[in-house]
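What you see is a predicted model, and the numbers here were worked out from it, not measured in a lab.
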Amino acid sequence: MGSINLYRIDPDKKEQCLRDLENRMDTRGEKVLEDYTFTFLLDNSSETRQVAWNWIFNEFEIPEAMTMVSPRAVVLISNSSFDSTYIATFGHSYFLIDKYCEKDFGIKFARKIEFEDIKTTTLSSTNSLLSKTVNAYIRYNNFEFDSGESFAKIKARMKQPDGFILFKPMLEMGSSIKFSTQNDCLEVLMKIVDYVENIVCNYPDITKIPIFSKIKDKDLVNELNHKLIKSIYDGNTQLAISELEIVGTNEIFNHNDNEYSLKYGHHEKSVSSSLSIDEVKAFCDEFDLDYNSTVLDIFVIVCKEGKSVVTKRIKDYVEYTEDSHKCILSKGEWYKFNDDYLQYLHDSIEEIPVIYDPKYDFNTGIHNTFIEQLYLADKDNPYIQGLNREEALKKLKEKYYAERVFNILRENDGFDNYDRRCYTIDNTKFEAMDLYKNGAMHAVKIGSSSSKLCYAVDQSLSTLKALKNSDIRKELPEIDTVVIWLVLETTKKPEDIKDIFSLNDLNMLMLKNRLDQWKKEVRHKGLKPIVYLNYRYT
């Protein structure tokens with residue numbers, strides 16, 4: 001029994017894909033069946049190398065084993081009666097073809113058929129500490145997912161009618177579809193492509209599966225690219241590379257399974273340990289490159305068994321969420337969240353209680369008054385000694401920044417101030433919370449964007465994790481409620497702010513994804529999640 005790994009090529013990338021295949025592979029044959037044309041292309045390399053475990057041959061004085069380096073072949077499939085172009089991949093050629101495919105092809109197919117047994121699912125959780133989650137099931141027939149998650153791969157048993165013999169029921173679906181067949185021949189491949197094209201083009205969706213849809217508006221793509229670059233320049237975006245990515249239906253771990261080199265201009269360096277942003281930063285430091293201006297254009301050369309199998313930019317490895325258009329950058333392409341994704345996220349966020357009390361609102365005047373009183377009360381403070389009034393006030397304001405003053409002022413409201421109070425686990429210091437009152441720990445953040453406000457969520461999640469440590473639990477007061485206190489910077493007037501506020505009104509998709517994950521973590525600990533919302537008027 002063989003297997004067929006089938007891709008559908010993105011029409012916008014078809015010509016580029018064909019040029020790449022022409023440069024990398026030799027055409028070895030062509031056949032026509034009915035309306036279909038099949039073209040067989042084979043990697044023109046015949047290079048061999050020793051297997052990595054040849055040491056055991058040497059120990060027993062046996063001649064060393066040799067293997068062909070990364071064998072690759074594809075079958076290009078076209079049909080005169082429809083516009084779609086399909087490619088079946090063999091060997092390691094999926095690395096090459098995946099970047100030219102319709103990314104939602106496999107999951108789009110899965111939405112249109114019924115399943116009787118779900119085996120494994122791989123989900124992407126944007127802006128979560130768990131960027132990819134793999135779930136395995138035993139005798140399960142429902143797609144299980146949380147809000148803020150989209151499917152990257154599904155392995156499941158399809159419900160097939162009696163007498164169906166074209167392919168086996170067990171399918172793997174990602175950006176490609178992997179079929180198991182009883183008979184390996186072009187006629188079977190032709191019938192599978194015919195079947196898939198009919199399902200994808202003519203059948204309605206019958207299963208809710210959150211996925212991303214590619215953005216084809218070039219003006220919007222350019223706008224999103226500019227926003228990403230500006231965000232990196234401004235230091236508002238922390239890029240990260242997931243250890244797990246799905247290439248077709250293959251799980252690829254970005255560590256020692258592959259070999260990597262980083263390249264920019266004439267600078268090149270092998271990465272022996274892993275592919276990570278830290279390695280990229282080290283590469284920039286070594287060759288005196290400005291990280292912010294070059295990071296997205298650094299090339300990653302992926303090698304398998306000593307041979308390059310694919311070269312991509314760092315941009316193809318990072319994920320970034322753009323709030324205003326509800327889009328995500330994934331594998332170098334921009335996608336919109338589909339309705340299933342957004343609806344589940346909306347419903348999850350609505351479950352979080354939100355408290356707004358205008359007496360906690362903050363503004364520049366309150367901040368300045370605090371600094372003025374501090375100056376008048378302690379003019380002889382060595383910290384500002386020798387400075388004139390204007391210089392002293394400026395220096396005090398740097399030390400007592402807005403967030404610190406906000407927390408200090410809450411002491412007058414009965415809160416215990418834990419800001420800047422650090423604890424240690426395994427020689428690592430962390431700040432458990434900013435404020436505490438009546439069993440509730442509060443993480444406070446002032447800001448106007450997801451990237452800034454998410455720091456409060458990260459702080460709270462770190463403390464939840466630290467609560468597993470018995471020594472830390474002893475040092476902290478009793479906790480039954482966990483609060484994220486968001487102080488939104490705004491130019492609105494106080495009278496324009498409504499008392500009842502929904503988090504879903506915020507145009508901050510990244511923040512809502514993180515709050516969704518935070519809510520689940522808090523509840524898993526048996527605690528109550530709450531969001532406090534206030535404003536800082538500027």
Q.
Donor-acceptor check, side chain of Lys269 to backbone of Phe283, threshold 3.5 angstrom: yes or no?
A. no
Q. Is the backbone of Asp194 close enough, under 3.5 Å, to the side chain of Asn198 for a donor and an acceptor to pair up by distance?
A. no
Q.
Test your reading of the model: is there a side-chain donor-acceptor pair from Lys13 to the backbone of Lys99, 3.5 Å cut-off?
A. yes
Q. Is the shortest side-chain N to carboxylate O distance from Lys520 to Asp516 below 4.0 Å?
A. yes
Q. Has the side chain of Lys159 got a donor or acceptor atom that lies under 3.5 Å from a matching backbone atom of Ile113?
A. no
Q) Distance from Thr37 atom OG1 to Leu76 atom CG, nearest 0.5 Å? A) 9.0 Å
Q) If you take all heavy atoms of Lys108 and Val200, which pair is closest and at what distance? A) CD-CG1, 3.7 Å
Q. Side chains of Arg24 and Asp43: does their closest heavy-atom pair fall under 4.5 Å?
A. no
**Q.** Basic-acidic side-chain contact under 4.0 Å: Lys191, Glu187
**A.** yes
Q) Using the ring of each side chain (for Trp, its six-membered ring), is Phe38 parallel, tilted or perpendicular to Tyr36, with breaks at 30° and 60°? A) parallel
Q.
Nearest 0.5 Å, please: how far is NZ in Lys315 from CG in Leu329?
A. 6.0 Å
Q | Minimal non-hydrogen separation, Lys112 against Asp205, with atom names | A | NZ-OD1, 3.2 Å
Q: Decide if atom CD1 of Ile165 counts as having more than 12 heavy atoms of other residues, nucleotides or ligands within a radius under 6.0 Å.
A: no
Q | Minimum heavy-atom distance Asp297-Arg313, with the two atoms named | A | OD1-NE, 3.4 Å
Q | Asn225 side chain reached by Leu296 side chain, heavy atoms, under 4.5 Å | A | no
**Q.** Sidechain N-carboxylate O distance under 4.0 Å for Lys465, Glu521
**A.** no
Q.
When you measure from the side chain of Ser460 to the backbone of Val457, do you find a donor-acceptor pair of N or O atoms at a distance under 3.5 Å?
A. no
Q) Does Asp117 reach the main-chain N or O of Arg157 with its side chain, forming a donor-acceptor pair under 3.5 Å? A) no
